[in-house]
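These notes concern the structure reproduced below.
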There are 2 protein chains.
Amino acid sequence: MADTTKVRAKNAYHHGDLRQQLLNATRQLVEEKGPDGFSVSEACRRAGVSTAAPYRHFSDKTDMIAALIVECMKEMTARLIEAGAAHPFGTIEAIAAGGIEYVHFAETNPAMFRLMFSENYGRSEIEEAGHDCYNSLLLQVASYLGKNEVDEEVLRESFPLWTFVHGTSFLWIDGKADFAKTQQSVEELVSEATRRLLPQRSQQ
Amino acid sequence: MADTTKVRAKNAYHHGDLRQQLLNATRQLVEEKGPDGFSVSEACRRAGVSTAAPYRHFSDKTDMIAALIVECMKEMTARLIEAGAAHPFGTIEAIAAGGIEYVHFAETNPAMFRLMFSENYGRSEIEEAGHDCYNSLLLQVASYLGKNEVDEEVLRESFPLWTFVHGTSFLWIDGKADFAKTQQSVEELVSEATRRLLPQRSQQ
DNA sequence: ACATAAAGTTAGAGTTGCTTACATCAAGTG
DNA sequence: CACTTGATGTAAGCAACTCTAACTTTATGT
């Protein structure tokens, strides 16, 4: 069946890849006008298609957003893993690097970050993507604690770390970091907190 | 001048106190339909007035929201102070109690909480109310560190605490706490983190 | 070539919302 | 009681946006 040079994806007829271009346009829009300041129409305008076109690719407006959120979540996950990989697996440095990258992602995509953590409205795809992301942290912490599996203790020690960088991200993009008026950088802030929140390894 | 039974405020002509009732209706609406799921029209419907009525009290839709946000911020501040006051000033217990109440407020008013930390759009009133709120923490921490003023160190030690409860709040209302699958309550989570994040007092 | 299905367009129905111009009504004042 | 003032209602303008239906164009396989 598939024989020569053309294997291109099914969804590459007229426009190229409208689905992806719509997602790109929407993402850009979100960053410009805020988590809720976008519309399908405007995304169409930017992608250079009619307002009816999207309905060949997405059943719904919410369907479109959900797809975008999942895409970003995966991108974020990839970056977190990559950032951690710069240090030996399961060390405080690796864990902190992930946290720093978390904040950094939020800083770079503030509105998308907000959108990602809005009302998922029970979309299982989003929840799954979220789980995958969190899992990258769980594995590091498990290793840090010298375990082969993610058990109760790993969960208990990991959650505060997530919580911390999550809050830092929000306050940071809200400009609330100025409140602190401390000269600390994100890197110092997250590194220090990670060190304090994790139990000392020495007991091992 | 004021003589008998009617002393009612200036802004209590026809409707009673439309301004406040509009804020109440809006708040209810926000909680029902999410941080951006409200409209002036719908608020009017609920307050039982025409869609034009609000414009005697607020110059704008954003003006209305801003007023609501400030109101909630003050309410939150009051609760935090009250929660802290249940313990000796400047103790870890008092600080943790404030943090727990912070999360609790978010839990009780999830959509408003989100709205409070959305795009303030440079409204100085909101920023001010935020500062007042944060200040209640700063004073506790200053006392914990045995200081009379809020200096650089107080700021540095306080910010992570805020960051932590802020993140916890968001994840909690997002239902992401299930990710943790840990049986910990908010109280335990925040107390433990507060203890770990603050420097030991013993060095004093 | 030709049939077919995918991808996109045109046109529009239906909804909702913000805001303003003007009319009305209640309450206090001289 | 006439008058002012401020609070609310009525009506309407206008702008968006979502989504559907029916039609057109393009690519693909045989």
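Numbers restart at 1 for each chain; the letters A, B, ... are given by sequence-line order, proteins then strands. Since the structure is predicted, the reported quantities are computational estimates derived from the model, not experimental observations.
Using a 4.0 Å heavy-atom distance criterion, A:Ser39 is classed as a sugar-phosphate-only contact.
The distance between atom CD1 of A:Ile65 and atom P of D:dC17, rounded to the nearest whole Å, is 14 Å. Put simply, CG on A:Asp63 is 14 Å from P on D:dT18, counting in whole angstrom units. Atom C1' of nucleotide D:dA7 and atom CG of B:Leu22 are separated by 12 Å, given to the nearest angstrom. When the P atom of C:dC18 is taken as reference, atom CZ of B:Phe38 falls 8 Å away, rounded to whole Å. Between the P atom of C:dA7 and the CG atom of A:Asp17 lies a distance of 10 Å, rounded to the nearest Å. Rounded to whole angstrom, the span from the OH atom of A:Tyr55 across to the C1' atom of D:dC17 amounts to 8 Å. We find that CG of A:Asp60 is positioned 13 Å from C1' of D:dC17, with the value rounded to whole Å. To the nearest angstrom, C1' of C:dT16 lies 14 Å from CG of B:Leu29.
Among the nucleotides C:dT10, D:dG9, C:dC18, the one closest to the side chain of B:Lys61 is C:dC18. Listed candidates were C:dT19, C:dG8, D:dC19. Nearest to the side chain of A:Ala53 is C:dG8.
At a threshold of 4.0 Å, the pair B:Arg196-A:Glu157 counts as salt-bridged, since one of the basic side-chain nitrogens sits closer than that to a carboxylate oxygen. Under 4.0 Å is where a charged nitrogen must lie from a carboxylate oxygen, and between A:Arg45 and A:Glu42 at least one such pair does. The pair B:Asp151-B:Arg156 does not meet the salt-bridge criterion, since no charged nitrogen lies less than 4.0 angstrom from a carboxylate oxygen. Ion pairing between a basic and an acidic side chain is recognised when a charged N comes within 4.0 Å of a carboxylate O; B:Arg27 and B:Glu32 show no such pairing.
Relative to the ring axis of B:Phe38, B:Lys61 places its NZ or CZ within 45° and under 6.0 Å from the centre.
The phosphate of D:dA16 (OP1 or OP2) has no side-chain N or O of A:Arg45 nearer than 4.0 angstrom. At C:dA6, none of the side-chain N or O atoms of A:His57 fall inside 4.0 Å of OP1 or OP2 (strictly under the cut-off). One finds no side-chain N or O of A:Thr51 lying less than 4.0 angstrom from the OP1 or OP2 phosphate oxygen of D:dC17.
Nearest-nucleotide mapping onto DNA chain D: of A:Arg56 and A:Val40, the residue sitting toward the 5' end is A:Val40.
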